[in-house]
Amino acid sequence: MFLVLIALTTVTAQAQRGRPQNLSSSYTTALGLKVWGDGAGVTIKHFIATNHALEGIGYVWNGGTRITGLYEFHFDIPGAPGLKWYVGPGAHVGFYNSYYYDRRYPNNGNGYRSSGSFVGIDGIIGMDYKFTGAPINVSLDWQPSFEFGVDRGFFGGWGGAAVRYTF
């Protein structure tokens, strides 16, 4: 994660000199914290084209860790400067421990999910706001996902609220 962050920062610094003035977003890259339920994560969002962004999220919570990559399409909301809505696909890999209890699966022994690594596909829909005159961005989204594997399936509880520093 640290190497990716350094690479994106370097690319962003070099791209700022030749940044197109017609980017719909008022920022190019944002780095911050995303929280939801009983966990939190580091999030980095980088616009690669007008209204197209990549977002990477590294979640940590009491059930394990999860790394997610998303491709987002951003759209202006008429009459609301700085506010956009976005939607897009993505994928993740999760590393779960046996202490993560889920009442939906009571028949797999003691009610706990299996430990291990899992992969899945994601969707995202949300709102993104960039404060005028301040290097702060906030967002709120829902990130449904489907994981492949034993005792896996659809999960609608991902997403959250993010606060990011923009540069």
- Would you sort out whether Y96 and R66 count as a side chain to side chain contact (heavy atoms under 4.5 Å, CB included), showing the intermediate values? CA-CA 8 Å; Y96 304 120; R66 179 171 149 155; 3.9 Å; yes

Given side chains that start at C-beta, do those of M127 and L83 come closer than 4.5 Å, heavy atoms only? yes

Y129 meets the side-chain hydrogen bond (donor to acceptor under 3.5 Å, both in side chains) criterion, sequence neighbours left out, with none

| task | Take K34 and D141 through the test side chain to side chain contact (heavy atoms under 4.5 Å, CB included) and record every step on the way to the result. | result | CA-CA 10 Å; K34 188 170 193 175; D141 57 51; 2.9 Å; yes

Please say yes or no: joined through hydrophobic side-chain contacts below 4.5 Å, possibly via intermediate residues, are L70 and L140 part of one cluster? no

(Q) Tell me whether the rings of Y27 and F47 are parallel (<30°), tilted (30 to 60°) or perpendicular (>60°). (A) perpendicular

SB check D76 K84 (cutoff 4.0 Å) | yes

| field | Any I136 side-chain heavy atom under 4.5 Å of R164 side chain | value | no

Side chain proximity check, Y71 to L54, heavy atoms < 4.5 angstrom
yes

Handout entry: Short side-chain donor-acceptor distance under 3.5 Å, H46 and E55
Key = no

**N51 and H74: side chain donor to acceptor below 3.5 Å** = no

State plainly whether one hydrophobic cluster holds both I67 and V35, where clusters connect Ile, Leu, Val, Met, Phe, Trp and Tyr through side-chain heavy atoms under 4.5 angstrom apart.
no

**Q.** Any side-chain heavy-atom pair of Q143 and T68 under 4.5 Å
**A.** yes

Is it possible for you to say whether I121 and V93 belong to one hydrophobic cluster, with membership spreading through side-chain heavy-atom contacts below 4.5 Å? yes

So CD1 of I124 and CD1 of I57: to nearest 0.5 Å the spacing works out to 5.5 Å

Taking the side chain as every heavy atom from C-beta outward, state whether L31 and V42 have any pair of such atoms under 4.5 Å apart. yes

The reported gap from OG1 in T28 to CD1 in I48 (rounded to nearest 0.5 angstrom) is 12.5 Å

(message) I want to check something: taking the side chain as every heavy atom from C-beta on, are T43 and L33 in contact at a cut-off of under 4.5 Å?
(response) no

Point to revise | pair F131-S26: side-chain heavy atoms closer than 4.5 Å | key: no

Aromatic Y86 / basic K45 pairing, under 6.0 angstrom, 45° off normal: yes

_W61 and W36 aromatic ring geometry - parallel, tilted or perpendicular at 30°/60° bounds_ = tilted

Value for OG (S145) from CG (D122), rounded to nearest 0.5 Å, stands at 5.0 Å

ring-ring contact (aromatic ring centres under 6.0 Å, His included) with W158: of W142, Y59, F146, only one passes, and it is Y59

